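Below is one structure, written out as structure tokens; comments come after it.
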Amino acid sequence: MHLGIGVSWRPELALWIDRYPKLGFVELMVEHFPATRPLPQSLKRLQDRGVQMIPHGLSLSLGGARPPDPARLAAIEQLAQRTQAPLVSEHLAFVRARDLESGHLLPLERTPEGLQVVLENLALAQASLSRPLYLENISTLAEWPNPSWEEAEFLQLVLQRSGCGLLLDVANLYANSLNHGGDPVDFLQRLPLERIGYVHVGGGVVHDGIYHDTHAAPVPPEVLALLEELCALHEPPGVLLERDENFPNEEDFLSEMQAIERAIERGRRRR
Amino acid sequence: MRESLEERQYALMKALVAGGPTPPGFEPKRIQLLARGLACKRRREALACWPQVSARLGQDSAVQLFSQYAHQQPRPRGGSPRQDGLQFILWLARRKPGWWLWLLSQKLGLNLRRS
């Protein structure tokens with residue numbers, strides 16, 4: 001599989017994305033593309049250009065205590081079929097508990113019980129999806145107490161036992177290492193890198209000594225350095241920029257993409 | 001097994017979005033920080049879906065009223081920001097009936113201006 005360089009598609013970035021010549025793939029937020037509405041013209045043009053599309057879900061709550069919602073799974077599957085997606089992706093997280101919704105990805109308890117439940121949920125999800133499912137590591141400010149495994153080991157166990165692929169977010173990896181300690185390069189070395197489908201790269205800000213993964217700022221050099229490290233160890237099939245707010249102008253967008261291309265190239269030369 | 005996991009996840013969720021106590025073993029400061037971040041994100045997303053509401057209320061007022069509303073009502077089931085914004089407008093309408101007329105005018109596609 002080859003994806004190349006990608007961007008998380010947003011209407012605010014549509015024109016820049018459209019004019020970016022090296023584009024290999026885009027990610028589409030499943031919740032933003034209900035089956036009742038046609039795909040935007042701009043996406044159809046990308047499809048004609050041969051740009052690959054990957055549905056990316058936010059609200060499946062795969063690590064939640066309840067089984068994944070069949071309607072949400074159907075929405076992912078439908079978007080995958082409409083866009084002829086090679087794969088789909090979601091997060092190793094939960095976003096709801098009983099009647100409450102967090103609206104944001106919350107961390108999983110890394111215990112045998114937590115593992116068992118997420119594996120059952122993943123099996124259910126995989127059974128209703130015709131494409132391989134890739135799981136993303138999240139960043140979190142609060143960690144569950146007394147974990148049975150460290151994050152890298154837990155992630156590895158989930159991937160190994162579920163057969164899912166890995167969507168590695170290097171910005172989340174950086175955020176967690178800054179906010180909870182730990183060496184992100186050591187973390188990389190403990191992951192099954194050959195299972196990576198693609199990589200997320202995004203920007204954030206440090207506020208009161210805490211790194212916030214906002215996707216509203218340029219990608220910091222530390223995150224690009226981590227991308228370079230990864231590419232020196234193993235080049236992933238794709239790398240994608242996430243920018244959700246405070247959208248850049250075309251020049252800044254292009255320089256973000258160029259910074260990513262250069263980091264990949266630097267890593268490649270070290271191999 | 002799912003039940004006991006749900007208990008723990010629900011306790012964490014309550015602490016983060018419904019003013020519940022910090023569950024045992026979590027760092028209270030981090031929980032507060034995360035709870036604040038979630039509340040901001042909720043408000044930003046809901047108001048972004050209904051820009052007309054912030055325009056009518058003024059940005060500061062919209063932020064303040066939304067915080068009051070969010071304190072009383074959690075995100076609606078399914079978590080849709082658009083639905084959350086609508087729930088906010090209904091909350092406003094219960095305090096100031098003028099919002100009913102406004103909502104109706106939006107529904108009918110009318111552009112009522114306050115004169």
Side-chain angles (χ1 to χ4, degrees), chain A residues 12 31-32 34 58-61 63-67 69 71-72 75 93-109 111-121 139-147 179-180 205 207-216 244-246, chain B residues 1-49 51 66 69-85 87-88:
Chain A
E12 293 87 345
E31 292 75 8
H32 296 181
L58 283 169
S59 58
L60 205 48
S61 205
R66 296 196 186 169
D69 173 12
R72 289 180 196 275
F94 79 103
V95 299
R96 72 184 59 85
R98 294 201 187 125
D99 55 332
L100 294 179
E101 298 268 346
S102 62
H104 193 71
L105 307 159
L106 298 179
L108 300 189
E109 184 191 277
T111 59
E113 236 172 55
L115 178 65
Q116 181 65 32
V117 170
V118 75
L119 288 175
E120 284 176 21
N121 288 350
S139 70
T140 177
L141 291 178
E143 281 265 53
W144 288 86
N146 313 317
N179 296 342
H180 306 290
V205 288
H207 191 72
D208 284 341
I210 300 279
Y211 185 85
H212 298 264
D213 181 50
T214 59
H215 300 171
D244 308 339
E245 272 177 76
N246 190 19
Chain B
M1 185 173 58
R2 283 186 183 265
E3 289 76 23
S4 66
L5 180 66
E6 186 162 61
E7 274 312 316
R8 295 191 294 277
Q9 290 188 337
Y10 189 60
L12 175 60
M13 185 71 89
K14 267 197 300 198
L16 293 173
V17 303
T22 298
F26 283 91
E27 208 184 305
K29 257 193 191 151
R30 289 289 180 98
I31 294 292
Q32 274 168 27
L33 197 62
L34 186 50
R36 253 206 318 271
L38 293 178
C40 282
K41 188 177 182 208
R42 177 182 172 188
R43 189 189 66 228
R44 261 199 333 268
E45 288 179 352
L47 292 179
C49 291
F66 192 91
Y69 147 77
H71 206 70
Q72 294 169 18
Q73 284 178 253
R75 268 185 198 255
R77 225 169 228 287
S80 146
R82 205 179 154 72
Q83 206 59 38
D84 199 13
Q87 197 175 272
F88 172 50

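Source: prediction; values computed, not measured. Values reported hereafter were calculated over all heavy atoms of this structure, with side chains retained and with hydrogens, waters and symmetry mates removed. Sequence lines set the chain letters: A, B, ... in the order given, protein chains first and strands last, and positions in each chain run from 1.
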Are the side chains of Phe94(A) and Leu12(B) in contact, using a 4.5 Å heavy-atom criterion?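 A side-chain contact under 4.5 Å exists here.
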Does a side-chain heavy-atom distance below 4.5 Å link Ser102(A) with Met13(B)?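 Yes. Closest side-chain heavy atoms under 4.5 Å.
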Quick check: under 4.5 Å, non-hydrogen atoms only, which of residues 35-43 of chain B neighbour chain A?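 The list, in residue order, reads Leu38(B), Lys41(B).
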Pick one of side chain, backbone, both or neither for [X], based on which atoms fall under 4.5 Å of a heavy atom in chain A.
X: Pro81(B); result: neither
X: Glu27(B); result: neither
X: Pro23(B); result: neither
X: Leu34(B); result: both

Rounded to the nearest 0.5 Å, what separates atom CD in Glu101(A) from atom CD in Gln83(B)?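 So the gap between those two atoms works out to 11.5 Å.
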When rounded to the nearest 0.5 angstrom, what distance separates CG in Leu108(A) from CG in Leu5(B)?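 Output value for this atom pair is 8.5 Å.
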Most chain B-contacting option - heavy-atom pairs closer than 4.5 Å, from [options]:
options: Val95(A), Thr140(A), Asn179(A); value: Asn179(A)
options: Pro67(A), Ala142(A), Gly114(A), Gly103(A); value: Gly103(A)
options: Asn146(A), Val117(A), Asp69(A); value: Val117(A)
options: Glu113(A), Glu143(A), Arg72(A); value: Glu113(A)
options: His212(A), His104(A), Gln116(A); value: His104(A)

Options Arg77(B), Lys29(B), Glu3(B), Arg30(B), ranked by heavy-atom pairs under 4.5 Å with chain A, top entry: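 That would be Arg30(B).
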Among the options Asp84(B), Leu16(B), Leu33(B), pick out the one with the most heavy-atom pairs lying under 4.5 Å from chain A.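 Counting heavy-atom pairs under 4.5 Å, the top option is Leu33(B).
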Asp244(A), part contacting chain B, at a heavy-atom distance under 4.5 Å: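 Neither part; nothing is under 4.5 Å.
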Quick check on Leu106(A) against chain B: is it the side chain, the backbone, both or neither that has a heavy atom closer than 4.5 Å?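 Only the side chain of Leu106(A) comes within 4.5 Å of chain B.
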Cationic N near anionic O, under 4.0 Å, Glu7(B) to Arg98(A):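 Here Glu7(B) pairs with Arg98(A) in a salt bridge, since their nearest N and O are under 4.0 Å apart.
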Partner set under side-chain hydrogen bond (donor to acceptor under 3.5 Å, both in side chains) for [X], not counting sequence neighbours:
X: Thr111(A); answer: Glu109(A)
X: Asp99(A); answer: Tyr10(B)
X: Glu245(A); answer: Arg44(B)

Within 6.0 Å of NE2 in His71(B), more than 12 heavy atoms from elsewhere: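 Not more than 12 within 6.0 Å, no.
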Identify the heavy atoms of Pro24(B) and Pro145(A) that sit nearest to each other, and give their distance.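 Shortest heavy-atom contact: O-CG, 3.7 Å.
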